[in-house]
Structure formats: structure tokens, C-alpha cells
Amino acid sequence: MPHNLLILGGTTEASALAEYISKTDVKATISYAGRVERVRPQPIEKRIGGFGGIAGLVAYLKSANITHVVDATHPFASQMSHNAIAACEQANIPLVALTRPAWQAQENDKWHNVPNIAAAADALPEKNKRIMLAIGRMHLDQFYHKPEHFYLLRLVDAPAVEPAFPDKVIEVSRGPFTAENDIALMRHHKIDMVVAKNAGGKGAYAKIAAARALGIEVIMITRPAITGRDEVASSEAVHQWLLSNG
Ligand code: NAP
């Protein structure tokens, strides 16, 4: 049977994989959750929106005649990743994850590693700080009990509902970001602390490099552990995996 690949996307790496696969003879569809207003144009077919849990994904895999699944979602999109593992097992479809190593602290980095978003909020000091809160828009409410700080929020789209921080600036931008620009941004807003997810990869690293250059502390949220799947680290390796899995 010819390959019919489903790429679970929403990352720079998933877009690069779509580009790579479009140059092969493999048929592929990229899937988005639909969280951002405009998704990037892709050279392969795309679908947008949740599947409806594990059962919905199993139904989709069958109705679309998917033969292989690549989970190229963000390392913090753990619900989707767990659903993909369970659905592929039920549908007996091979699954691989396209992952990127977590960032490692380098010399001059001032990181405080915390296990999750709630712990990041708890780790903020009581006195007023000027914080770049770079965690997307979905979990901002976990910081609402620390209203004494100034928050710089960088979001892909302008939020439909204004985040309830008394002192904030919202920077709407989808990147790409550079360390130079992020240094200028942090200087402009007199940032003295960054809260970030340990996403790994290049797309979100500029703020980490900028914090290092400016000697700014980073509360670094450790990524959730996801087990029970094969992982590869490049588009080429995904292609090889496809060829060696029927
Ligand atoms: P999540 O909590 O793991 O997933 C929640 C639900 O969203 C899933 O159960 C699924 O709904 C739907 N969903 C997630 N990814 C999907 C995809 N690629 N295609 C179709 N449905 C998807 O995910 P999240 O953390 O909200 O992230 C949502 C998307 O944004 C992901 O695709 C991820 O790659 C991207 N993203 C996330 C982050 C982050 O920090 N979490 C950062 C950058 C990009 P159903 O159960 O209805 O199928």
C-alpha cells in the first residue's frame, strides 16, 4: 500500500518536515489544532481542528486511510502526543515522534528549573519584577495570583480576551526571533526575569540567548515526559523510518 502520512504539526520542525516530504513521492497531510488565526502556507494538504480525543483520532485515521503518523507537535503538547500513542496503538498504525533535544544551560545562564507551569508561577519572587512571560496564551491564568509584577507577553495573535494582569504589555509577533532583537526588546521593557518552556529547537531560543547576554534570570519549565513511542530527530530520519516501516 502506498504511504499516506499524517503529520501532527504546529511547530517549525513540522513545517520543515512538510517541506521535505513534499519533495518525495510520499502523500502527506499536516494537521493543526487551530489555535492561531493564520497557519503557515504548506506544500502538502492540511487539516485544521481537534480530532475529538482518542476515539476521534482513530476514526480519522481510518476514514482518511492514514498508513503512518508522525507526531511533530510541540514538546509541551502532551495531550495530543498521548492521544496519538493510544490511537495509533488501537488502529495498529506505526507512529514516530519528531523531537528535539531540550536546551541545556550554558555558562553564564542563570536558570531555575521548575517541573511545570504552576511551579514557575510559585517560583516568582514576591517583590515587583519585570517579567517576560513567554509561555503562549493558554496558561497565563496560572500567573494571575502574582499581579504585583509587570508582564511582557509575546503572543502569536492578539488575545480575544484581555489577560487579567494589571501591568502588562502584549507584543504580537510570530517571529522569527533573533537574539539581537530580543536583547533590544528586553532592554526596552527593562526585563529582569524570563519565564520560558524548555522547548528545545531554534525557533524559540532567541529569548534564552538574549537573557544570557543580559545576565537575566530564567525560570525554565521542564518539558513533560512522554514515553511509549519511537523518536527521531530530523526530517531525513522520518523518511528513513517510513521506508523501513512498510
Ligand atoms: P495539547 O494540550 O497537547 O492538545 C489539546 C488538544 O488540542 C488535543 O487533544 C487535540 O484535540 C488538539 N490538538 C493539539 N494538537 C493538534 C494537532 N496538531 N492537530 C489536531 N488537533 C490538535 O496541545 P497544546 O499544547 O494546546 O498545543 C496545540 C498546538 O499548538 C499543537 O499542535 C502544538 O504543536 C502547537 N504548539 C504548542 C505549544 C505549547 O507550548 N504547548 C507551543 C507551540 C506550538 P482533540 O482531542 O479534539 O483531538
Side-chain angles (χ1 to χ4, degrees), residues 5-18 28-40 42 44-64 66 68-88 90-91 95-100 102-103 114-118 120-121 132-143 153-157 159-160 172-177 194-208 219-226 228-229 231 238:
L5 180 65
L6 173 67
I7 301 171
L8 300 171
T11 58
T12 311
E13 288 74 10
S15 297
L17 176 63
T29 302
I30 188 163
S31 173
Y32 290 97
R35 296 275 194 277
V36 300
E37 282 170 16
R38 290 166 295 115
V39 297
R40 290 180 194 279
Q42 294 293 349
I44 60 172
E45 199 175 312
K46 66 171 179 274
R47 66 162 300 287
I48 299 175
F51 298 97
I54 297 168
L57 181 53
V58 170
Y60 172 84
L61 295 173
K62 288 183 178 158
S63 66
I66 298 297
H68 296 74
V69 177
V70 179
D71 179 358
T73 57
H74 191 272
F76 281 75
S78 58
Q79 182 65 58
M80 186 70 252
S81 293
H82 288 300
N83 289 0
I85 292 169
C88 287
Q90 283 182 31
L95 164 78
V96 76
L98 174 57
T99 58
R100 37 201 162 135
W103 298 318
V114 293
N116 51 47
I117 294 176
M132 180 173 181
L133 185 52
I135 61 161
R137 75 178 153 87
M138 299 293 288
H139 302 286
L140 294 175
D141 57 347
Q142 296 196 33
F143 290 80
L153 310 173
R154 182 155 62 194
L155 305 173
V156 175
D157 298 307
V172 176
S173 175
R174 70 186 316 165
F177 307 111
V194 172
V195 179
K197 294 174 173 173
N198 194 332
K202 294 185 185 139
Y205 194 68
K207 60 183 176 283
I208 308 302
I219 307 225
M220 184 64 83
I221 306 166
T222 304
R223 55 174 64 180
I226 299 166
R229 61 185 190 178
E231 297 189 1
V238 169

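Because the structure is a prediction, the values reported are computed rather than measured. One-based numbering, in listed order, for ligands and for the atoms of each.
At a 4.0 Å heavy-atom cut-off, ligand 1 touches M80 through backbone and side chain alike. The proximity of N83 to ligand 1, defined as any non-hydrogen pair under 4.0 Å, is limited to the side chain. With a 4.0 Å heavy-atom cut-off, ligand 1 is reached by no atom of A199.
Closest of all the heavy-atom pairs between S173 and R154 is O-CG, 4.3 Å. Across every non-hydrogen atom of S15 and R40, the tightest pair is OG-CD, 4.2 Å.
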Test side chain to side chain contact (heavy atoms under 4.5 Å, CB included) on R229 and S81 and set out the steps. CA-CA 9 Å; R229 61 185 190 178; S81 293; 3.5 Å; yes

Trace of the side chain to side chain contact (heavy atoms under 4.5 Å, CB included) decision for F76 with I117: CA-CA 11 Å; F76 281 75; I117 294 176; 5.6 Å; no

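Summarising the contacts of atom 7 (O) of ligand 1 with E13, R35, Q79, the nearest heavy atom is found in R35. Distances from atom 29 (C) of ligand 1 to the heavy atoms of A33, G34, A14 show the closest one on A33.
Backbone and side-chain nitrogen or oxygen atoms of K197 are examined, and one is located within less than 3.5 angstrom of a nitrogen or oxygen of ligand 1. Between H74 and ligand 1, at least one N/O pair is under 3.5 Å apart. In terms of polar-atom proximity, defined here as any N/O pair under 3.5 Å, I135 makes no such contact with ligand 1. Checked against a 3.5 angstrom limit, the closest N/O atoms of L8 and ligand 1 fall outside it. Of the N or O atoms in A72, none lie within a sub-3.5 Å distance of an N or O in ligand 1. Taking only nitrogen or oxygen atoms, main chain and side chain alike, M138 does not reach within less than 3.5 Å of ligand 1. Taking distance alone, with nitrogen or oxygen atoms compared against 3.5 Å, R47 stays at or beyond that limit from ligand 1.
Summary of contacts: the protein heavy atom closest to atom 32 (O) of ligand 1 is G9 O, 2.9 Å. Nearest protein heavy-atom neighbour of atom 11 (O) of ligand 1: G50 CA, 3.6 Å. Atom 25 (O) of ligand 1 has as its closest protein heavy atom A77 CA, 3.5 Å. Looking from atom 48 (O) of ligand 1 to the surrounding protein, the closest heavy atom is F51 N, 2.7 Å.
Note on ligand 1: G53 sits in its first shell, one or more heavy atoms being nearer than 4.0 Å. Assignment of H82 to the shell around ligand 1 is not supported, since no heavy atom sits closer than 4.0 Å. At a 4.0 Å cut-off, at least one heavy atom of G52 sits close enough to ligand 1 to count as contact.
Using a 4.5 Å heavy-atom threshold, the side chains of R100 and K202 count as separate. The side-chain heavy atoms of F51 and N83, taken from C-beta on, include no pair separated by under 4.5 Å.
The F76 neighbourhood of ligand 1 comprises atoms 25 (O), 40 (O), 41 (N), with distances under 4.0 Å to a heavy atom of that residue. Those atoms of ligand 1 with a heavy atom of S78 less than 4.0 angstrom away are 3 (O). Taking every non-hydrogen atom of S31 and a distance limit under 4.0 Å, the qualifying atoms of ligand 1 come out as 17 (C), 18 (N), 19 (N), 20 (C). Every atom of ligand 1 is numbered from 1 in the order shown, and the set under 4.0 Å from a heavy atom of G10 is 34 (O), 35 (C), 36 (N), 44 (C).
Within the 3.5 Å criterion, the main-chain N or O of I7 finds no donor-acceptor partner in the side chain of S31. Side-chain N or O atoms of R223 include one that pairs as donor or acceptor with a backbone N or O of A199 at under 3.5 Å. Checking side-chain atoms of E231 against main-chain N and O of A97 turns up no donor-acceptor pair under 3.5 Å. A donor-acceptor pair under 3.5 Å links the side-chain atoms of T11 to the main chain of A72, judged by distance alone.
With L6 as the fixed residue, the side-chain contact (heavy atoms from CB on, under 4.5 Å) test singles out one of L95, I30, L57: L57.
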